Amino acid sequence: MNAVDDEERRVEADAPAPVELEAEVEAPPTWRTVVLGANWTPWLTLAIAYTLYFICALGLTWVSSGAPLVISTHVVAALLFALACGWNMLHTPSHGNIFRRYHVAVGWTAMASGVAVVVGGYWIILSGEAIISPGAQIAFMITGALQIFLQGLGVYFARIARSPERHMMCMTIMFYNSLLLPAVNRLPQLLGLESPGVAWTFGSSAIGFAFAFISIYWNMRGGKVRV
């Protein structure tokens with residue numbers, strides 16, 4: 001028995017040590033992957049640029065001029081919401097594991113800031129501090145309710161139903177109608193013109209829906225963007 005045990009020990013000693021495989025580490029994104037690898041389309045570029053311009057030119061001007069706290073909070077939350085949604089529209093999980101993690105973290109930021117935007121907007125309207133027409137107030141309250149519904153539906157499709165395509169559709173409609181639509185509605189004010197009235201308030205919503213469904217069609221069929 002001792003001879004057999006000695007032979008087994010000798011064989012084990014001569015056996016090569018197991019090789020530990022190093023975990024593959026994904027390289028951090030570079031400016032090329034962030035900028036050149038983004039889902040740029042003409043309509044998305046226009047929507048992000050104009051929405052950010054609207055928030056900065058109109059909203060931040062109010063903040064810097066001493067707007068009430070609730071309006072300042074509403075504007076800052078809207079800026080954060082626009083930046084978060086814009087990033088996630090440009091970089092989807094199909095861009096790699098790092099961007100997948102970014103997408104989740106930025107997405108939750110968008111959800112929180114989006115709720116803050118709607119709550120602040122409702123407070124401004126219901127408290128009588130809104131300086132927009134009654135028709136615009138109704139339109140924005142409808143838009144806010146639709147936004148909260150789409151946010152909840154988007155989270156459901158992402159976390160429970162595990163349907164990335166439907167999640168993308170909900171978030172795309174939310175982006176163009178909750179961010180671009182209010183900015184388009186206030187275009188006359190940005191140009192120094194008088195408000196064209198209720199017809200423009202509700203008619204301009206068609207622009208948001210048109211951009212949303214063009215984007216969805218491109219993502220699902222007409223282009224190279226994957227979710």
Side-chain angles (χ1 to χ4, degrees), residues 33-35 37-52 54-55 77-119 121-122 139-185 201-227:
T33 56
V34 170
V35 177
N39 299 327
W40 295 111
T41 60
W43 43 89
L44 180 57
T45 305
L46 178 62
I48 293 175
Y50 175 66
T51 300
L52 291 176
F54 160 72
I55 296 173
L79 179 59
L80 181 59
F81 185 49
L83 291 171
C85 289
W87 172 273
N88 271 6
M89 292 287 288
L90 290 172
H91 291 287
T92 48
S94 61
H95 290 181
N97 290 330
I98 288 182
F99 285 105
R100 182 186 299 275
R101 292 194 293 271
Y102 289 168
H103 192 88
V104 173
V106 174
W108 284 118
T109 301
M111 295 300 100
S113 57
V115 171
V117 170
V118 173
V119 171
Y122 268 67
F140 287 162
M141 292 184 74
I142 294 173
T143 302
L146 177 62
Q147 176 186 318
I148 294 298
F149 172 73
L150 289 172
Q151 284 188 213
L153 202 58
V155 171
Y156 168 78
F157 283 131
R159 310 298 296 182
I160 299 176
R162 301 293 181 179
S163 176
E165 292 82 8
R166 288 183 173 84
H167 170 76
M168 180 274 295
M169 293 173 66
C170 289
M171 296 298 97
T172 301
I173 295 173
M174 183 198 73
F175 172 78
Y176 285 108
N177 285 277
S178 298
L179 284 166
L180 180 62
L181 189 155
V184 171
N185 184 262
T201 298
F202 287 93
S204 61
S205 63
I207 297 175
F209 280 104
F211 271 61
F213 287 107
I214 289 172
S215 182
I216 290 172
Y217 175 80
W218 177 268
N219 290 348
M220 299 297 290
R221 294 188 178 187
K224 300 178 180 180
V225 179
R226 293 178 294 150
V227 293

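In this text, all values refer to a predicted model and were calculated from it rather than measured experimentally.
- Side chain of S215 to backbone of F211: no donor-acceptor contact under 3.5 angstrom is found.
- Considering only heavy atoms from C-beta on, W43 comes within 4.5 Å of W218 through its side chain.
- Put simply, CE on M89 and OG1 on T45 are 10.5 Å apart, with the number rounded to the nearest 0.5 Å.
- L83 contributes atom CG, which lies 11.5 Å from atom CG of N88 (distance to the nearest 0.5 angstrom).
- Summarising the geometry, atom CZ belonging to F209 is positioned 10.0 Å from atom CD1 belonging to I216; distances are rounded to the nearest 0.5 Å.
- Taking the ring-ring contact (aromatic ring centres under 6.0 Å, His included) definition, one finds that H91 meets it with W87, H95, F99, sequence neighbours left out.
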Using distance only, find each side-chain donor-acceptor pair of residues 141-161 under 3.5 Å and give its atom names and separation, not counting sequence neighbours.
{"unit_1": "T143", "atom_1": "OG1", "unit_2": "A139", "atom_2": "O", "d": "2.8"}
{"unit_1": "Q147", "atom_1": "OE1", "unit_2": "S178", "atom_2": "OG", "d": "3.4"}
{"unit_1": "Q147", "atom_1": "NE2", "unit_2": "G114", "atom_2": "O", "d": "2.9"}
{"unit_1": "Q147", "atom_1": "NE2", "unit_2": "Q151", "atom_2": "OE1", "d": "2.9"}
{"unit_1": "Q151", "atom_1": "NE2", "unit_2": "M111", "atom_2": "O", "d": "3.1"}

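- Qualifying side chain to side chain contact (heavy atoms under 4.5 Å, CB included) partners for A82, counting only residues two or more places apart in sequence or in other chains: T51, L52, I55, L179.
- With sequence neighbours excluded, the residues that form a side chain to side chain contact (heavy atoms under 4.5 Å, CB included) with V184 are Y50, L180, W200, S204, I207.
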Indicate every side-chain donor-acceptor pair of residues 168-177 with a distance under 3.5 Å to a residue at least two apart or in another chain.
{"unit_1": "T172", "atom_1": "OG1", "unit_2": "M168", "atom_2": "O", "d": "2.7"}
{"unit_1": "N177", "atom_1": "ND2", "unit_2": "I173", "atom_2": "O", "d": "2.9"}

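- Between I98 and T33 there is no side-chain heavy-atom pair separated by less than 4.5 Å.
- Residues that satisfy the ring-ring contact (aromatic ring centres under 6.0 Å, His included) test with W40, not counting sequence neighbours, are absent from this structure.
- Using a distance-only test at 3.5 Å, with no hydrogens or angles considered, a donor-acceptor pair links the side chain of T109 to the main chain of A105.
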